[in-house]
Amino acid sequence: MTVINLREMNIDQTGTIVSVGASGELGRRVRDMGLIPGKQIRIQGRAPLNDPVSLRIMGFTLTLRNNEADYIKVEV
Amino acid sequence: MSTSIALAGNPNSGKTTLFNALTGARQHVGNYPGVTVEKKQGFCKTDSGEFDVVDLPGTYSLSAYSLEEVVARDYIVNEKPSMIVNIVDASNLERNLYLSVQFLEMGIPVTIALNMMDVAQKRGIEIDIEKLSILLGVPVVPTVARTGKGKKELLDTIVLRKDLNPEPVHISYGSDIDMALDQMVDIIRSSGFLTQKYRSRWIALKYLENDQQILDLGKNENPRIARELESIAKKLTSHLDVTLNAHPEGIIADHRYGFINSILKQNVITFYQDENRLQLSDNIDKIVTNRFLGPILMVAVIMGLYQFTFTYSELPVGWFENFFSRVSGMADNALADGLLKSLIISGIIDGVGGVLGFVPLIMFMFLGISFLEDTGYLARMSFMLDRVFRMFGLHGSSVMAFIVSGGIAGGCAVPGVMATRTLKSPKERLATILTVPFMNCGAKLPVYALLVAAFFAENEAQVMLLITMISWLGALLVAWLLRSTVIRGASTPFVMELPPYRLPTLKGLLIHTWERTWQYIKKAGTVILGISILLWAMMTFPGLDDQALKIFDTKRNAVTASVSENVLNEIRYADTDNLSEQASSVKERLTNLDMEEAQANLKNSIAGRIGLALEGITQFAGFDWRTNISLVGGFAAKEVVVSTLGTAYSLGEVDPEETQSLSERLKTAEGWGPLTAFSLIIFTIFYAPCFVAVVCIAKETGSWKWAVFSVVFNTTLAFGLSVIFYQVGSLILT
Amino acid sequence: MELFIVIIIVAAALFFCIKSFVKIYKGEDSCGCGSDCSCPGKSKCRQNIK
Ligand SMILES: Nc1nc2c(ncn2[C@@H]2O[C@H](COP(=O)(O)OP(=O)(O)OP(=O)(O)O)[C@@H](O)[C@H]2O)c(=O)[nH]1
């Protein structure tokens, strides 16, 4: 089990969120959407320019930019 | 007495659909989160009672960070509706309950409408509704908003439970936070701090969450207590930072989700399939947002829409044009020559008729757009374009604002400006507001359609695509210019939900299309009609002075005097088709004189003089004085460009035998060609937003400064680009 | 007579146009744009950009 940045995950890879380092507005937006420690996520795909990334959490799809994904650590 | 209810819930949970089902209204529904940005009001009368229904903007939380959240929260707190109907998407229960929990913490009357039960069922999700209701302590009613199922039960429940303020739900946030909360609640209770409006524990929570709105309210209410509470919050924050390396906000959110989880775990929800499998939707996304196929598909979709629109609307547009020609011919026969006839034929029929002639085209365009909107594809466009938009200082959500304004075709800048409310950063929002007017709004469509039909008939769809690309590229470049000069600032997060694909319902599509088409027709029949009449008057009066009239009379007399009485009688009474050679030449000379007089009259009119005065500079862009008149009229509304050209070319025309459509007239008119037409298209893309949009920009930006800026800047830009295009084009072509 | 009728029609059009523009300006009427309008009816737009 290793902990990596969300940005480094591959498409179709699953993992569990370990920590969300974002604060302020980004932190709030991310938490409102359910990206909190303990949740399972799966990377769905990336936009044509590799950014943003779309991921599956709690049964819905969410988009996030790479530099925002950097705040999120995932155990894979 | 009617019961006031407010619909609240996550974006895209079906609030507006339910609102429409309840009130019979036909508000805009779209499969894109954040379509509703303003609250909408409606009324509903059933056997269960009478209800005032308010559709609040969709929010994921109640943190007062964004405009939608403030609108929703303020409404609930200040208007105190008898019941909050919290729409919860059953296929997405866990995240949706996050908002519900926050309502429950406020201690306000809430009924949960568990919507999209059909979707949940299809995905193999089973929910124990009774248990959920008991555990949450509020009524839960299953609904399918699309079909109206569960509507009656929902209203009955509301009547039964209205105005009963339940005890707020008490969530434990861990010992540190709970202790601070208790301490704060004591202070708040004993001093009655803000308690007329809010529950004390809720206020305390908001202090810990660092909620700016409540902090400001508190400072106004009682600075001393506010300071006391703030210092407790601060102490806790630094304590948590040291011990847990966390922020109270984060911990509060964790516990809220924990609370939801603890409820769902008690066999409230059962998955018969893997919950993370949205097979069909995922498979579509694999193709649609594919690195290579995605962008190609995007262009293909738009191109396909144009092709579809132009191909299928050609025939009905022809019918409409014929119809208006016939009406004009009838009016011509029925009315005696004079001012009234000119008003009716040139002002009304040729003016408004020119705009109405494009109704079929507009309708097909709207049908296509409505389809795209309902499927959920537009959210994917935002997803794919976010990176590109960010390079120009905009945001993925700007894409949606662009599309609402007519980014693909046939929107309107006013709702487009409103749609920018989903943008969180004021800077990005301002840049978006100032660039959305470049899109192909429904009012510009008839202008493009007219010019494209007249001069680019072979490649209609391609030219339309070119117009779209120019407008997007222009918007992006202007945004970049603004963002790197006057409105500099960092970019904001792009955390957005991608809704699952949905198959639009035929009924929904038809209603939606008709609604938009009707708006177009209504506007043509009211505002455009009024403006057309005014412009006709400006193009007719003051008329020629006596001296000029006398000159034309003498010329006419000279022509008639030169031939015998016989010939004149022949012109007057004989069949037009078989005149003698002499008679027809005389007749032609007389007609030419009439035309010359009409032209002179038009040139001498108020509008004509304005147009001529402007010709001094607009000639560099290839616009003659008639085009100038129509462009000046276009400041009021863009359709006026078409109606005014219709009137202007109709006034110069005196031969009643020929009732051509405007595009046919333009084709043969002097000074017109593909180069002029495209120069005018470029000008139309970029020049000042219409009056209504300007007002909306002023209101949404909070200052007239930006409204004036957009008028002056856009017009200058448009003129500059048209001149460059026309001059370079003329050089190449000659 | 004809001139009189025309003047009345033009005056009515002028009145109507001014009225509807004033209404739009005051935010009492939804925009008259040629398409879907989800813009607010009665409520005034909010100000949030500084
Ligand atoms: N299958 C199904 N689809 C639904 C139901 N209710 C709504 N929809 C669809 O869900 C989508 C979103 O509906 P809206 O009513 O626009 O959602 P909203 O909550 O008002 O969204 P915002 O305006 O963005 O806040 C639309 O495509 C609807 O057709 C339902 O009960 N069943």
Side-chain angles (χ1 to χ4, degrees), chain A residues 3 6-7 9-74 76, chain B residues 59-61 63 65-66 89 91-95 98-99 123 125 209 245-247 249-250 252-254 256-258 261 271 275-278 281-282 285-286 289-295 298 379-380 382-388 390-391 396 424-425 491-500:
Chain A
V3 174
L6 202 158
R7 182 207 274 263
M9 288 176 74
N10 298 321
I11 289 175
D12 282 337
Q13 195 176 15
T14 47
T16 311
I17 299 179
V18 178
S19 70
V20 180
S23 60
E25 184 189 345
L26 174 62
R28 205 177 293 230
R29 303 260 295 143
V30 161
R31 277 192 296 273
D32 286 349
M33 300 301 266
L35 285 171
I36 55 166
K39 294 274 175 211
Q40 261 228 334
I41 56 169
R42 192 181 80 210
I43 304 297
Q44 289 293 116
R46 288 176 193 278
L49 292 171
N50 225 355
D51 186 20
V53 58
S54 71
L55 52 91
R56 171 66 39 79
I57 177 167
M58 296 189 291
F60 70 96
T61 316
L62 194 68
T63 68
L64 208 62
R65 288 180 184 155
N66 279 338
N67 57 355
E68 292 148 21
D70 276 343
Y71 291 99
I72 298 169
K73 300 254 182 307
V74 185
V76 290
Chain B
T59 61
Y60 294 106
S61 172
S63 55
Y65 237 96
S66 61
D89 177 352
S91 64
N92 200 343
L93 192 59
E94 198 171 343
R95 199 209 57 222
Y98 185 71
L99 178 69
R123 288 209 204 136
I125 302 171
E209 285 182 310
N245 188 22
H247 196 270
E249 280 176 55
I252 290 172
D254 291 354
R256 279 192 187 133
Y257 270 110
N261 233 321
F271 296 99
E275 73 163 313
N276 280 329
R277 272 174 58 199
L278 289 169
S281 215
D282 285 354
D285 266 340
K286 284 251 142 71
T289 64
N290 178 284
R291 185 160 307 175
F292 305 107
L293 278 179
M298 191 153 70
R380 271 73 188 179
S382 297
F383 173 64
M384 287 191 280
L385 287 172
D386 174 67
R387 188 73 193 84
V388 180
R390 194 153 33 118
M391 290 195 277
K424 303 293 177 286
S425 142
S491 70
T492 46
F494 181 62
V495 185
M496 192 185 76
E497 184 187 356
L498 282 186

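Keep in mind that what you see is a predicted model, and the values were worked out from it rather than measured. To find a chain, count down the sequence lines: A is the first, B the second, and so on, and within it residues start at 1.
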Residue pair B/Tyr257 / A/Asp32: nearest heavy atoms and the distance that separates them: OH-O, 3.1 Å
Smallest separation among heavy atoms of A/Thr63 and B/Phe383, with atom names: CG2-CD1, 3.4 Å
Under 4.5 Å from any heavy atom of chain A - which part of B/Asp285: neither
B/Arg390 and A/Asp51: CA distance, side-chain angles, deciding distance, side-chain contact (heavy atoms from CB on, under 4.5 Å) verdict: CA-CA 11 Å; B/Arg390 194 153 33 118; A/Asp51 186 20; 2.5 Å; yes
Most chain B-contacting option - heavy-atom pairs closer than 4.5 Å, from A/Gly21, A/Gly45, A/Ala47: A/Ala47
Min side-chain heavy-atom separation A/Met58-B/Tyr98 under 4.5 Å: no
Pairs of heavy atoms under 4.5 Å with chain A: top-ranked of B/Asp254, B/Thr289, B/Val388, B/Leu293: B/Asp254
When A/Ile36, A/Leu64, A/Val30 are compared by non-hydrogen pairs under 4.5 Å with chain B, the top option: A/Ile36
Value rounded to 0.5 Å, distance of CE in A/Met33 from CE in B/Met496: 9.0 Å
Side-chain heavy-atom pair A/Glu68, B/Val495 within 4.5 angstrom cut-off: yes
From OG1 (A/Thr61) to CZ (B/Arg380), nearest 0.5 Å: 6.5 Å
CZ on B/Arg95 to CG on A/Leu62, rounded to 0.5 Å: 8.0 Å
Non-hydrogen atoms of A/Arg65 and B/Gly396 that approach each other most closely: NH2-N, 4.2 Å
Stepwise salt bridge (charged side-chain N to carboxylate O under 4.0 Å, His left out) test for A/Arg42 and B/Asp282: CA-CA 12 Å; A/Arg42 192 181 80 210; B/Asp282 285 354; 3.6 Å; yes
Expected output: side-chain A/Arg31 to main-chain B/Ile252 donor-acceptor under 3.5 Å: no
Inter-residue atom distance A/Asn66.CG - B/Arg387.CZ, 0.5 Å rounding: 8.5 Å
Structural part of A/Asn67 lying under 4.5 Å from a heavy atom of chain B: side chain
Distance (rounded to the nearest 0.5 Å) between A/Arg56 CZ and B/Ser281 OG: 7.5 Å
Shortest non-hydrogen contact between A/Arg28 and B/Glu209, atoms and distance: NH2-O, 3.1 Å
Test item: A/Lys39 and B/Asn261 side chains (from C-beta on) under 4.5 Å apart, heavy atoms: yes
Top contributor to chain B contacts, counting heavy-atom pairs under 4.5 Å, from A/Ser19, A/Pro37, A/Pro52: A/Pro52
